[in-house]
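Written out below as structure tokens is the structure these notes cover.
Just so you know, these numbers use all the heavy atoms, side chains as well, and skip hydrogens, waters and symmetry mates. Proteins get letters first, then strands, A, B, ... in listed order; numbering begins at 1 in each.
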Protein chains: 2
Amino acid sequence: MSPDRFPLRGHTAKRQSILDAAAAVFCREGFAGANIDLVAAEAGVARQTVYNHHGDKEKLFAAVVNDITERCNARAFSVLSTFPDNPKDLEAELTVFAMRLNKGFIMGREGRFLAKLIHAEGERHPELFEAWRRDGPGRVWSALAARFARLAFAGHLDIDDPDLAARQFMALVNVDLHIPWLFGETPNDEELSASAARAVRTFLRAYGRKREDANATLEEAQSA
Amino acid sequence: MSPDRFPLRGHTAKRQSILDAAAAVFCREGFAGANIDLVAAEAGVARQTVYNHHGDKEKLFAAVVNDITERCNARAFSVLSTFPDNPKDLEAELTVFAMRLNKGFIMGREGRFLAKLIHAEGERHPELFEAWRRDGPGRVWSALAARFARLAFAGHLDIDDPDLAARQFMALVNVDLHIPWLFGETPNDEELSASAARAVRTFLRAYGRKREDANATLEEAQSA
DNA sequence: GACGAATTAGACAAGGATGTCTAAAAAATT
DNA sequence: AATTTTTTAGACATCCTTGTCTAATTCGTC
């Protein structure tokens with residue numbers, strides 16, 4: 001009698017292997033086009049095993065969505081925890097952060113899978129993505145917004161609406177990745193980095209303290 | 001013998017009706033999930049007629065993609081032609097323009113269909129969307145970039161890279177529409193307008209002439 | 001080594017979809 | 001009005017997929 005009542009350890013390994021394969025197949029072929037035989041083959045497992053673990057195609061799909069959502073959220077918060085709270089060089093550090101966002105979250109395996117699943121099936125299975133909608137963008141954006149608000153409070157940024165700023169930051173970071181993303185292409189590190197730099201530069205032109213700096217300089221000049 | 005050798009006028013009407021229905025079905029169900037019987041029913045046509053016009057499911061899909069791409073591009077350029085080239089109140093007029101972009105292009109029927117088709121099948125049928133990729137975002141963005149460049153030249157904006165500015169403008173305009181879009185929801189005019197206003201405000205904070213105004217003020221102060 | 005649970009391979013029925021075919025009806029042209 | 005083309009309804013063969021079932025086999029534990 002092993003300490004954990006869970007059947008086997010190979011059991012859960014196969015379970016995860018099936019989930020991974022199913023995610024890839026659903027993502028490539030869509031729900032209707034996904035073939036259980038293909039999932040089984042790609043997971044290195046008999047078809048019957050797929051049915052043993054997740055009784056149904058629908059249930060399998062739901063399991064995949066839950067699994068991917070969870071892992072994707074974990075990844076997002078892991079990247080979020082590297083936000084530059086005490087920046088020496090705000091532009092440089094925000095750029096590195098945006099780059100991590102690109103690589104680890106948006107262009108990462110889980111991120112791409114989840115996004116494609118939502119695009120393809122979100123309209124048809126809204127209940128499945130309810131959890132994502134609640135805990136995904138909502139939580140991530142407001143966490144990011146909190147970080148921006150803190151930067152603004154510390155005098156590094158000039159932000160009226162931190163939530164809006166956070167959403168716009170994400171959108172700007174995505175600008176040059178969207179088209180390649182659509183066709184399954186993966187920009188190299190240099191391109192990702194350049195894209196992040198462009199996004200951050202524009203973001204800081206909008207929300208940096210340059211205007212107040214200019215005013216400060218103006219006041220100095222006037223008082224001189 | 002009528003001047004045009006084309007068979008009938010009801011013929012082309014049915015053709016278009018089939019294309020419309022097929023677009024809706026492909027979009028809702030995906031390529032694999034789309035049912036030709038359903039397309040025929042939705043088009044008010046016998047299944048055989050569908051096969052008569054477009055011999056194949058694949059060919060039908062290709063025809064739909066071409067049709068939608070064309071109409072979508074036409075719509076985009078129609079909206080683009082309302083760009084404020086000689087603005088009195090730049091922020092207000094850009095906001096109205098962004099609003100038209102939202103309603104007529106991004107959230108419009110053709111725009112949504114095309115975007116969904118590309119998301120769902122772009123990776124699997126890259127040849128089909130090659131034309132879109134070449135003539136769609138490329139042309140639209142560079143046309144928009146040209147308008148921004150002209151505004152910059154006329155002294156209304158401070159832009160280094162008009163192409164980048166155009167892409168970022170589109171991204172900012174999309175910020176608040178993305179999530180509803182994913183779930184087939186249509187924000188009302190008020191929300192669309194508010195979203196456009198937020199996007200334009202941020203865009204102008206980044207690319208407006210405020211900094212140079214400040215510098216001008218500074219120079220005046222210094223020369224005084 | 002023996003036992004029980006999980007896995008496997010393959011066969012299988014049922015259902016659904018594609019694409020073809022035919023004969024009849026409808027529409028348009030001359 | 002006659003003729004030609006298009007459309008229609010339905011039947012049809014074929015293929016693919018889902019989900020179940022069975023018997024053999026492997027794996028891990030006692």
Would you say the side chain of B:L60 lies within less than 4.5 Å of the side chain of B:K57, judging by non-hydrogen atoms? no
Atom CD of A:Q48 and atom C1' of C:dA5 are separated, to the nearest Å, by 14 Å
Between CG of A:D37 and C1' of C:dA9 the distance, given in whole Å, is 12 Å
Query raised in the report: Phosphate oxygens OP1/OP2 of C:dA27: is one of them under 4.0 Å from a side-chain N or O of B:K14?
Result: no
Applying ring-ring contact (aromatic ring centres under 6.0 Å, His included) to B:F105 and not counting sequence neighbours gives none
- Message: Just to be sure I understand the rule, does B:A32 reach a base, reach only the sugar-phosphate, or reach nothing, if contact means heavy atoms closer than 4.0 Å?
- Response: nothing
message: With heavy-atom distances below 4.5 Å as the criterion, would you say the side chains of A:L19 and A:H54 are in contact?
response: yes
A:N52 CG to D:dT22 P, in whole Å, measures 14 Å
message: Using a strict threshold of under 4.0 Å (side-chain N to carboxylate O), is an ion pair present between A:R133 and A:E130?
response: no
Side-chain contact check for B:T49: nearest option of D:dT8, C:dT8, C:dG19 is D:dT8
Practice task
Assert yes or no for the condition that the ring centre distance of A:F113 to A:F26 is strictly below 6.0 Å.
Solution key: no
A:H53 NE2 to C:dA5 P, in whole Å, measures 16 Å
Among C:dT7, D:dG19, C:dT18, the one nearest any side-chain atom of B:I36 is C:dT18
Q) With a 4.0 Å cut-off on heavy atoms, is A:A40 in touch with a base, just the backbone sugar-phosphate, or nothing at all? A) nothing
### Query
Just by distance, with hydrogens left out, do A:N66 and A:E70 show a side-chain donor and acceptor under 3.5 Å apart?
no
From NZ of B:K59 across to C1' of C:dG19 the rounded distance in Å is 11 Å
Quick note, B:Y51 side chain, CB onward, closest among D:dT7, D:dT17, C:dG19 is C:dG19
Q | salt_bridge(A:D67, A:R15) N-O dist < 4.0 Å | A | no
Less than 4.5 Å apart, any side-chain heavy atom of B:P180 and any of B:T186?
no
Numerically ordered, the residues 19-27 of chain B set in heavy-atom contact under 4.0 Å with DNA chain D is none
When rounded to whole Å, the CZ to P distance for the pair A:R47 and D:dT17 reads 11 Å
Separation of D:dC16 atom P from A:N35 atom CG, nearest Å, is 11 Å
To the nearest 10 degrees, the angle between the two end axes of the helix from C:dG1-D:dC30 to C:dT30-D:dA1 (five pairs per end) comes to 30°
A:F31 atom CZ is separated from D:dT18 atom P, nearest whole Å, by 9 Å
- [ ] Could you give me the CA-CA distance, side-chain angles and deciding distance for B:R201 and A:D160, then say whether salt bridge (charged side-chain N to carboxylate O under 4.0 Å, His left out) is met?
- [x] CA-CA 12 Å; B:R201 198 178 315 132; A:D160 325 305; 5.5 Å; no
